[in-house]
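First up is the structure itself, then whatever we jot down about it.
Atoms within each ligand, like the ligands themselves, are counted from 1 in listed order.
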Amino acid sequence: MSKTTYYFDNAATTPVRKEVLDAMMPFFTENYGNASSIYEVGARSKNYINEARKIVSDAIGCYENELFFTASGSEADNWAIKGVAYSKKSKGNHIITSAIEHHAVLHTLEFLEKQGYEVTYLPVDEYGQISLDDLKNAIKDSTILITIMYANNEIGTIEPIKEIAKIAKEHNVIFHTDAVQAVGAVPINVHELGVDMLSLSGHKFNGPKGVGALYIKKGLRIDNLIHGGAQESNRRAGTENTPGIIGLAKAIELATTNLNEKIERVSKLRDYTIKEIEKRIPYCRLNGHRTDRLCGNVNFSFRFIEGESLLLMLDLKGVAASSGSACTSGSLDPSHVLLAIGLPHEIAHGSLRISIGYQNTKEEIDYLLDILPPIVERLRQMSPLYDEIKGDL
Ligand SMILES: *Cc1c(COP(=O)(O)O)cnc(C)c1O
């Protein structure tokens, strides 16, 4: 394994906390029983899963019978969207979303479009927020679902979820939010928010990968996505991922205890990073909202450079970060999120996302701030466009 010393890609995934791993370990060994079995070692697992369900439910403010474990955030999004689409087919075929959703939502909707569903993709403003008037205007008689993310994974912008929920309710439309980036970064109470469904994922808040959950409001019946056994009250089949569920519960408990303190500390680091980059690097643009923003998100576009080259140079210095472009997934198109906030292609290509986690320190940020300006300058020296601009100054 190569050593990554400075990890600033916490929006992609996070390290599992030691307390989380410790809580999980016994469920690979002595507590290995199948939770659906009647004998003691199985029943024991069942009890622990129910305790975990209570912890996760408390963390997001729902009842235990409203929370269902899944194998990922992507699965929770798929289930919420396809579940409503199929079960409410007789009511209508129209779904409203935003242009900046995660692919777990966007690609699910594209799949449904091929089956005859109609999808409205609401535009966002230059900061990445939808307009509530646009939303109201998009709702029609055939609208069965609104799915809008709580907070964006690339630019960190937080959407007006409570207001959206109110509009959805007034029009009697089901509202799902992908809160995968928000859980552990924003205080959340689903009942106060008034959302009908909410997705979360363990590995985004220092829990294990491959486990997530979907909150489904009491009384709301949607089609199942995974068919098979009677697990999760007959609503999501598959032998329970006991270690994963225990890990997710421990992680959410840790992530939401003293959350306001964490938010204050991490947003201080974020604001410091933003301020220093703006001070030290010319021709840069902060992407996303200045205040309605995830506490750990920093996203900049640097003119005259390629985000991919920047990432490679940072990697050579032991820094892990992410770029707004989707080059890593085999496509040369810039990120749909950066295009949706109105960035021209060439600027969207030169983007850098630094996502700060609870474990990052000011010393690590200072290291990044020391190495970043000379790297940007070096890459710019290789750009013919930059030469021209400098000649003009
Ligand atoms: C990571 C992420 C997902 C997918 O979650 P997985 O557990 O990795 O499948 C969905 N939505 C958002 C906003 C994300 O950041």
Side-chain angles (χ1 to χ4, degrees), residues 7-16 20 56 60 67-82 97-111 121 124 128-130 147-159 161 164 176-186 188 195 197-215 225-226 236 238 241 243-245 247-249 251-252 255 287-289 292-299 320-324 326 328-329 335-338 340-341 353-357:
Y7 186 77
F8 299 113
D9 203 13
N10 292 280
T13 196
T14 54
V16 171
V20 171
V56 181
I60 62 165
L67 190 94
F68 304 90
F69 292 112
T70 64
S72 63
S74 298
E75 185 193 316
D77 286 342
N78 269 262
W79 183 14
I81 296 168
K82 291 174 186 167
T97 189
S98 82
I100 62 164
E101 298 297 308
H102 189 272
H103 284 144
V105 168
L106 288 180
H107 289 169
T108 302
L109 292 169
E110 283 169 24
F111 170 80
Y121 299 88
V124 293
Q129 283 178 332
I130 65 148
T147 174
I148 292 183
M149 67 197 327
Y150 201 119
N152 184 267
N153 44 300
E154 289 187 36
I155 56 175
T157 299
I158 297 172
E159 301 296 330
I161 296 303
I164 297 171
H176 163 252
T177 186
D178 171 347
V180 172
Q181 288 291 331
V183 171
V186 179
I188 289 181
V195 301
M197 291 184 287
L198 176 145
S199 306
L200 59 92
S201 174
H203 75 102
K204 300 289 174 78
F205 47 81
N206 305 97
K209 294 169 182 58
V211 61
L214 180 65
Y215 152 74
L225 179 73
I226 308 289
R236 196 276 181 186
N241 172 7
I245 290 169
L248 183 145
I252 207 169
N287 297 315
H289 202 283
D292 293 338
R293 184 180 198 102
L294 288 174
C295 56
N297 179 284
V298 176
N299 187 311
S322 162
S323 114
T328 40
S329 60
S335 130
H336 64 285
V337 176
L338 297 178
I341 60 172
R353 178 184 71 187
I354 298 156
S355 42
I356 303 166

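The structure places CG of L214 at 8.0 Å from CG of L198, a figure rounded to the nearest 0.5 Å. Note that CG of L106 and CE of M149 are 8.0 Å apart. Values are rounded to the nearest 0.5 Å.
Contacts between E75 and ligand 1, counted as non-hydrogen atom pairs separated by less than 4.0 Å, are absent for every part of the residue. Proximity of K209 to ligand 1, defined as any heavy-atom pair under 4.0 Å, is not found for any part of the residue. Within the 4.0 Å heavy-atom criterion, both parts of S74, backbone and side chain, lie near ligand 1. Counting heavy atoms under 4.0 Å from ligand 1, residue D77 touches it through the side chain alone.
Distances below 4.0 Å separate heavy atoms of S72 from the following atoms of ligand 1: 7 (O), 9 (O). For ligand 1, the atoms lying closer than 4.0 Å to a non-hydrogen atom of N153 are 13 (C), 15 (O).
Every N/O-N/O distance between M149 and ligand 1 stays at or above 3.5 Å. Considering backbone and side-chain N/O atoms, K204 comes within less than 3.5 Å of an N/O atom of ligand 1.
With contacts defined as side-chain heavy-atom distances shorter than 4.5 Å, the pair E154/I341 does not qualify. Contact of the N287 side chain with the V337 side chain is not registered, since no non-hydrogen atoms from C-beta on lie closer than 4.5 Å. Considering only heavy atoms from C-beta on, L225 comes within 4.5 Å of E75 through its side chain.
Ranking protein heavy atoms by distance to atom 7 (O) of ligand 1, first place goes to S201 OG, 2.6 Å. Here the heavy atom of the protein found nearest to atom 11 (N) of ligand 1 is D178 OD2, 2.7 Å. The protein heavy-atom contact nearest to atom 8 (O) of ligand 1 is H203 NE2, 2.8 Å.
Residues I226 and R236 come closest through the heavy atom pair CG1-NE, 4.0 Å. For the residue pair I158 and V186, the shortest heavy atom distance occurs at CD1-CG2, 4.1 Å. The two atoms that bring A104 and D77 nearest to each other are CB-OD2, 3.6 Å, heavy atoms only.
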